[in-house]
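Encoded as structure tokens, the structure appears first; notes follow it.
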Amino acid sequence: MVSTFSERCYDLLRKVPRGRVTTYGEIALALGSGGARAVGQAMNKNPYAPQVPCHRVVLGDGKIGGFASGVKRKIEMLRNEGVVVVDGKVVDFDNKFLGFRVPKTL
DNA sequence: CTAATGACATTTG
DNA sequence: ACAAATGCCATTA
């Protein structure tokens, strides 16, 4: 396989600009899967270290979720990019959330 | 192929 | 709102 599920996640996540955040569920749907856990698995194994902003991925509720190097580290990086996190939740999450799936031009 | 795991999401009490 | 249970999907043993 030249393009595994994980690689697709990285490629998609790579498009996320700085100061923006996305959710596992959105990525999963964007890849044609409803398994947000599968995305998290890919992030955990993420061989494409700092290249891929895996720290910009949070839960669908705006929560941070987890991180391979420690949730605290994730929050620190996010705060460094302009994403404020309080009580383990992203501030203005809905405003900073970035959807992948192309919206239906209705 | 089956079973187990995991950085989630949704529903129910 | 929080905790527990169930569902969903990809990866690994």
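Letters go in sequence order (proteins before strands), and every chain restarts at 1. The figures that follow rest on heavy atoms only: side chains count, while hydrogens, waters and symmetry mates do not.
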Plane angle bin for A/Tyr48 and A/Tyr10 - parallel if under 30°, tilted between 30 and 60°, otherwise perpendicular: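 Tilted: the ring planes of A/Tyr10 and A/Tyr48 meet at 30° to 60°.
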
Any residue in residues 82-95 of chain A with a heavy atom nearer than 4.0 angstrom to DNA chain B? Just list them by number, or reply none.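 Of all residues in residues 82-95 of chain A, none places a heavy atom under 4.0 Å from DNA chain B.
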
[X] side-chain N/O to [N] phosphate OP1/OP2 under 4.0 Å:
X: A/Ser33; N: C/dA10; value: yes
X: A/Lys45; N: C/dT12; value: yes
X: A/Ser6; N: C/dT11; value: yes

Using modelled atom types only, decide if a donor and an acceptor are shared between the side chain of [X] and the backbone of [Y] within a distance under 3.5 Å.
X: A/Asn46; Y: A/Ala49; answer: yes
X: A/Lys96; Y: A/Val83; answer: no
X: A/Arg56; Y: A/Val16; answer: yes

A/Val85 pairs by side chain to side chain contact (heavy atoms under 4.5 Å, CB included) with which of A/Val91, A/Ile64, A/Val71?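 Of the listed residues A/Val91, A/Ile64, A/Val71, the side chain to side chain contact (heavy atoms under 4.5 Å, CB included) partner of A/Val85 is A/Ile64.
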
Taking [atom1] from [X] and [atom2] from [N], how many angstroms apart are they, rounded to a whole number?
X: A/Met43; N: C/dA10; atom1: CE; atom2: P; answer: 14 Å
X: A/Asp61; N: B/dA7; atom1: CG; atom2: P; answer: 18 Å
X: A/Gln41; N: B/dA7; atom1: CD; atom2: P; answer: 7 Å
X: A/Tyr10; N: B/dA7; atom1: OH; atom2: P; answer: 13 Å
X: A/Asn44; N: B/dA7; atom1: CG; atom2: P; answer: 6 Å
X: A/Phe67; N: B/dA7; atom1: CZ; atom2: P; answer: 12 Å
X: A/His55; N: B/dA7; atom1: NE2; atom2: C1'; answer: 14 Å
X: A/Leu59; N: B/dG6; atom1: CG; atom2: P; answer: 17 Å

Looking at A/Asp61 and A/Lys63, is there a salt bridge between them, counting it only when a charged N and a carboxylate O are closer than 4.0 Å?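 Answer for the salt bridge query: no.
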
Using a strict 4.0 Å threshold on nitrogen-to-oxygen distance, state whether A/Glu81 and A/Arg20 make a salt bridge. no

Could you check A/Ala38 against A/Gly25 and say which one's nearest nucleotide on DNA chain B is further toward the 5' end?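 Taking each residue's closest nucleotide, the earlier one in sequence belongs to A/Ala38.
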
Just verifying a value: how many Å separate A/Asp11 CG and A/Ser6 OG, rounded to the nearest 0.5 Å?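 Going from the CG atom of A/Asp11 to the OG atom of A/Ser6 covers 12.5 Å.
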
Output the distance between atom CG (A/Leu13) and atom CD (A/Gln51), rounded to the nearest 0.5 Å. 11.0 Å

Among the candidates B/dA9, C/dT11, B/dA7, find the nucleotide nearest to the side-chain atoms of A/Thr4.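 Of the options given, the side chain of A/Thr4 lies nearest C/dT11.
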
Could I get a table of every N or O pair under 3.5 Å where one atom is in the protein and the other is in nucleotides 5-8 of chain C?
residue	atom	partner	partner atom	Å
C/dG7	O6	A/Arg37	NH1	2.7
C/dG7	N1	A/Arg37	NH1	3.4
C/dC8	N3	A/Arg37	NH1	2.8
C/dC8	N4	A/Arg37	NH1	2.5

